[in-house]
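Below: the structure, in C-alpha cells.
As the structure is a computational prediction, the values presented were derived from the model and not from experiment.
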Amino acid sequence: MAIVTLVVGGLLSLLGILGYVLSDSRSLTALIPLGFGVLLEVCGALALRPEFKKHAMHGASVLALLGIGGSATGFMKFVQMLGGADVARPFAVRIQGAMFLIMLVFLGLCIRSFIQARIRREAERAA
C-alpha cells in the first residue's frame, strides 16, 4: 500500500497543480489537492519503512477521510452538473469531484488492506 499511497499522492498533487494553473482566478484553494497529495506522499514514503508502516498508513487513511469530507459538497455539485444543472465555478467543481473520487477509492483500498493485514496476523497466531 505504500506504493499506492505514493501514486495517489502524486495524482492529487498533479490535480492541485493543474487546478491552480488552469483556473482563471488562480485561487489558493485550488492548491488544496496538492496539500493532500504532498501529505500522502510523505505517508507513503514513511510506509516504505517497516517500523513506520502501520502508523503511516493509518495517517494516510485519516487524510483520505478528511479529503472525502472536505470535497463531498463539491462532488454533490459535480453530480448535479452531470445532470445538467448550472453550477458556480464548474472547473472547481470538477476538481473537487475528482478529488472526492480519488480519495474514496484510496480509502476503500486502505480499509481492504487493513482487513487483509488483520486476517494475516490472526492466521499467523493460529499457526
Subject >> Pair I115-R112, side-chain contact (heavy atoms from CB on, under 4.5 Å): steps then yes or no >> reply: CA-CA 5 Å; I115 292 169; R112 191 185 102 201; 5.8 Å; no
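- Atom CD1 in I32 sits 11.5 Å away from atom CD1 in I95 (nearest 0.5 Å).
- No donor-acceptor pair closer than 3.5 Å links the side chain of Q96 to the backbone N or O of T73.
- When all heavy atoms are compared, the tightest approach of L63 to C43 is CD1-SG, 4.0 Å.
- Contact record, F114 with M57: CZ-O, 3.7 Å, taken as the closest heavy-atom pair.
- Taking both residues in full, the closest heavy atoms of V93 and G74 are given as CG1-O, 3.6 Å, listed atom of the first, atom of the second, then distance.
- Considering CZ of R121 and CZ of R118, their distance stands at 6.5 Å, rounded to 0.5 Å.
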**OP:** Show your reasoning for whether side-chain contact (heavy atoms from CB on, under 4.5 Å) applies to I111 and L107.
**Re:** CA-CA 6 Å; I111 291 170; L107 183 61; 4.0 Å; yes
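- How far CG of L66 is from CG of L39: 10.0 Å, rounded to the nearest 0.5 Å.
- Residues V8 and V105 are not in side-chain contact: their nearest non-hydrogen atoms beyond the backbone lie 4.5 Å or more apart.
- The minimum heavy-atom distance linking L46 with F52 is given by the pair O-CB, 3.4 Å.
- Using a 4.5 Å heavy-atom cutoff, the side chains of L14 and L18 are in contact.
- When all heavy atoms are compared, the tightest approach of M103 to G67 is CE-CA, 4.0 Å.
- The main-chain N or O of L109 is never found under 3.5 Å from a side-chain atom of S113 such that the two would form a donor-acceptor pair.
- Taking each heavy atom of P33 and M99 in turn, the nearest pair found is CG-SD, 3.8 Å.
- Note: L40 CG to L12 CG = 6.0 Å, rounded to the nearest 0.5 Å.
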Original post:
Yes or no on side-chain contact (heavy atoms from CB on, under 4.5 Å) for K53 and M1, after CA distance, side-chain angles and deciding distance?
Top reply: CA-CA 9 Å; K53 184 176 184 175; M1 277 300 295; 5.6 Å; no
Original post:
Between L15 and L34, does a side-chain contact (heavy atoms from CB on, under 4.5 Å) hold up when you go through it step by step?
Top reply: CA-CA 7 Å; L15 185 67; L34 174 64; over 6 Å; no
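- Summarising the geometry, atom CD1 belonging to I68 is positioned 5.0 Å from atom CG belonging to L104; distances are rounded to the nearest 0.5 Å.
- Between K77 atom NZ and S71 atom OG the span is 12.0 Å, to the nearest 0.5 Å.
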